[in-house]
Amino acid sequence: MRSGRCRKSGMKGFTLIELLVVVAIIALLISILLPSMSQARRQAQLVVSMSNLRQIALGNASYSEDNAGYLPYARNTETGTWGNLWSEAAWGVKKADLWFYTLFDTKTVPDERVFVPAGDPYGQQYDFESRFDGIGGTGAVRTNTQAFACGYGMNYGLRHWEGHRRAEDFGRPPLQAPYGRLFNVTRYGPSRPNETILMSEVGPDDELPVMPLFGSADPMQVGRPWRDGGRLLWDDGNRSWYPGPTWLTPRYGGRIPMTAMDGSVRAVNSARVLRTGPIVRRNQCFGRAVVGGQTTFVCYLCRESTPHYDFSDQKLWWWTGHPGEIKY
């Protein structure tokens, strides 16, 4: 019995200092590993989102083949204007008619989860059917423009520029121009589809303001930038009439997925573009396209000296066509 007590009394435990040293080492290891784990998680999310965008691009291509070369877009049923990308009740553009619902309903993109980016911090708030049950609401699906339904947007130049490119359209009110022909990527596509922006994942990640787009007066259903199948605008956040955030986000360690009109998908350096902001003509945009035997700017916006977010160092431009190259 005595020898047992002696052996027990001779056992030693951790001292407080030793315990603190162990805790400090564990904390140090965690602090070293956490950034690596966070970076790996962002990289994995980027891969998933690029896969989503690739499926959407394939859906666009399939839809185009079945519809005389056109990409899906919405029509303003009140004015007859074609080629809209954004839903607002005040403009007569129904959310249910937007391009991503068209892809889903035609089974070219059969899984609605594809439209939710993997790294979107508001991913849990998406509601694909977007039922509007507010005051005066009917409860109809796909009517609530304040609800998130799609985290990818399309190049707004497809809708915006074409109405100004036809000689017979000059002098008409903007909404009366027959927009939509540039959505026919087979017949009226850009000269360099592999270098022309089509779609991208959209933000913002730090604020979710509910605000109308320019010209809307509907107090009940206003657009909430940008997770509604939105538009990629070349200089948003830098216009006097639009004080809201930009769709650009450095979501995946400074990058986001973007696809060109040929369906290729790449991770672009969005952080650099955000730091630089919209800029005007650059030397690298010169000399890439020939129109009428003369060298011109590959980028339509550079040709017009229009400030725009510049992805030229990543071999992507907003429009690599030219009015002289479009055949109507």
Side-chain angles (χ1 to χ4, degrees), residues 52-53 55-64 66-67 70-117 120 122-123 125-132 137-138 140-160 162-163 175 179-185 197-203 208 210-216 218 220-233 236 247 259 261:
N52 288 350
L53 192 53
Q55 291 184 59
I56 295 173
L58 289 173
N60 274 323
S62 178
Y63 180 91
S64 178
D66 295 337
N67 290 272
Y70 280 91
L71 294 172
Y73 53 83
R75 180 187 183 191
N76 184 318
T77 55
E78 296 178 0
T79 65
T81 302
W82 292 86
N84 292 285
L85 294 173
W86 193 264
S87 59
E88 278 200 281
W91 287 354
V93 182
K94 296 180 180 179
K95 180 168 184 170
D97 294 333
L98 292 179
W99 62 267
F100 57 95
Y101 286 123
T102 299
L103 291 181
F104 181 76
D105 292 342
T106 57
K107 308 302 181 184
T108 51
V109 179
D111 190 346
E112 65 188 57
R113 292 173 296 181
V114 168
F115 299 109
V116 183
D120 194 331
Y122 302 99
Q125 298 184 27
Y126 278 73
D127 176 12
F128 189 73
E129 294 302 335
S130 303
R131 185 182 298 275
F132 184 65
T138 63
V141 297
R142 304 179 183 180
T143 56
N144 185 2
T145 59
Q146 295 187 25
F148 307 146
C150 177
Y152 299 90
M154 195 178 294
N155 185 346
Y156 200 52
L158 296 179
R159 184 265 182 193
H160 184 79
E162 194 275 331
L175 288 179
Y179 292 108
R181 293 203 178 196
L182 292 188
F183 282 89
N184 190 321
V185 292
I197 295 169
L198 176 59
M199 303 183 72
S200 173
E201 187 168 328
V202 297
L208 294 173
V210 178
M211 60 183 301
L213 295 180
F214 180 61
S216 173
D218 189 336
M220 293 301 300
Q221 296 197 58
V222 296
R224 174 183 262 181
W226 294 100
R227 296 164 174 85
D228 194 10
R231 53 186 188 173
L232 308 183
L233 198 58
D236 60 8
W247 58 272
T259 182
M261 289 194 179

Peer 1: Are the side chain of W247 and the backbone of L233 linked by a donor-acceptor contact shorter than 3.5 Å?
Peer 2: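 Looks like yes, one N/O pair under 3.5 Å.
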Peer 1: Given L103, which of P110, P72, S62 fulfils the side-chain contact (heavy atoms from CB on, under 4.5 Å) condition?
Peer 2: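 Among P110, P72, S62, the one that satisfies the side-chain contact (heavy atoms from CB on, under 4.5 Å) with L103 is P72.
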Peer 1: Could you tell me if the side chain of V109 sits less than 4.5 Å from the side chain of F115, heavy atoms only?
Peer 2: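 F115 vs V109: side chains touch.
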Peer 1: Once you round to the nearest 0.5 Å, how far does OH of Y63 lie from OH of Y73?
Peer 2: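 Nearest 0.5 Å value for the OH-OH distance: 7.5 Å.
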Peer 1: Can you list the residues that meet the salt bridge (Lys or Arg N to Asp or Glu O under 4.0 Å) rule with E129, with sequence neighbours excluded?
Peer 2: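 Scan of E129 (salt bridge (Lys or Arg N to Asp or Glu O under 4.0 Å), adjacent residues dropped) gives R142.
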Peer 1: Rounded to the nearest 0.5 Å, what separation is found between the CE atom of M154 and the CG atom of L232?
Peer 2: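 Those atoms lie 8.5 Å apart.
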Peer 1: If I take atom CG from residue L53 and atom CE from residue M199, how far apart are they, to the nearest 0.5 angstrom?
Peer 2: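 Taking CG in L53 and CE in M199, the distance rounds to 6.5 Å.
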Peer 1: Looking at residues at least two apart in the chain, or sitting in another chain, which of them share a ring pair (Phe, Tyr, Trp, His ring centres under 6.0 Å) with F104?
Peer 2: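 F104 satisfies ring pair (Phe, Tyr, Trp, His ring centres under 6.0 Å) with F128 only.
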Peer 1: Between R131 and D127, which heavy-atom pair has the shortest distance, and what is it?
Peer 2: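 Residues R131 and D127, closest heavy atoms: N-OD2, 3.8 Å.
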Peer 1: What closest approach, in Å, do M261 and I197 show between heavy atoms, and which atom pair accounts for it?
Peer 2: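 So the two residues come closest at CE-O, 3.6 Å.
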Peer 1: Kindly compute the distance separating CG (D120) from CZ (R227), expressed to the nearest 0.5 Å.
Peer 2: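 Result: 4.0 Å between the selected atoms.
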Peer 1: Could you check if a side-chain atom of F183 sits within less than 4.5 angstrom of a side-chain atom of L85, using non-hydrogen atoms only?
Peer 2: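 F183 vs L85: side chains touch.
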Peer 1: Tell me whether K95 contacts the main-chain N or O of S130 through its side chain, where contact means a donor paired with an acceptor under 3.5 Å.
Peer 2: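 No.
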Peer 1: Atom CG of L182 and atom OH of Y70: how far apart are they, to the nearest 0.5 Å?
Peer 2: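 The distance works out to 9.5 Å.
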Peer 1: Counting only N and O atoms by type, is there a donor-acceptor contact under 3.5 Å from the side chain of W99 to the main-chain atoms of L71?
Peer 2: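 Between the backbone of L71 and the side chain of W99 there is no qualifying donor-acceptor contact (under 3.5 Å).
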Peer 1: How far does CG of D228 sit from CZ of F100, to the nearest 0.5 angstrom?
Peer 2: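 The CZ atom of F100 is 5.0 Å from CG of D228, to the nearest 0.5 Å.
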Peer 1: Checking side-chain polar atoms at under 3.5 Å, does D236 have a donor or acceptor matched by the opposite partner on Y156?
Peer 2: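 Looking only at side-chain atoms, Y156 and D236 do not form any donor-acceptor pair under 3.5 Å.
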Peer 1: Partners of Y152 by ring pair (Phe, Tyr, Trp, His ring centres under 6.0 Å), sequence neighbours excluded?
Peer 2: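 Counting only residues at least two positions away or on another chain, Y152 forms no ring pair (Phe, Tyr, Trp, His ring centres under 6.0 Å).
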Peer 1: Would you mind reporting whether L198 and N60 have side-chain heavy atoms less than 4.5 Å apart?
Peer 2: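 N60 vs L198: side chains touch.
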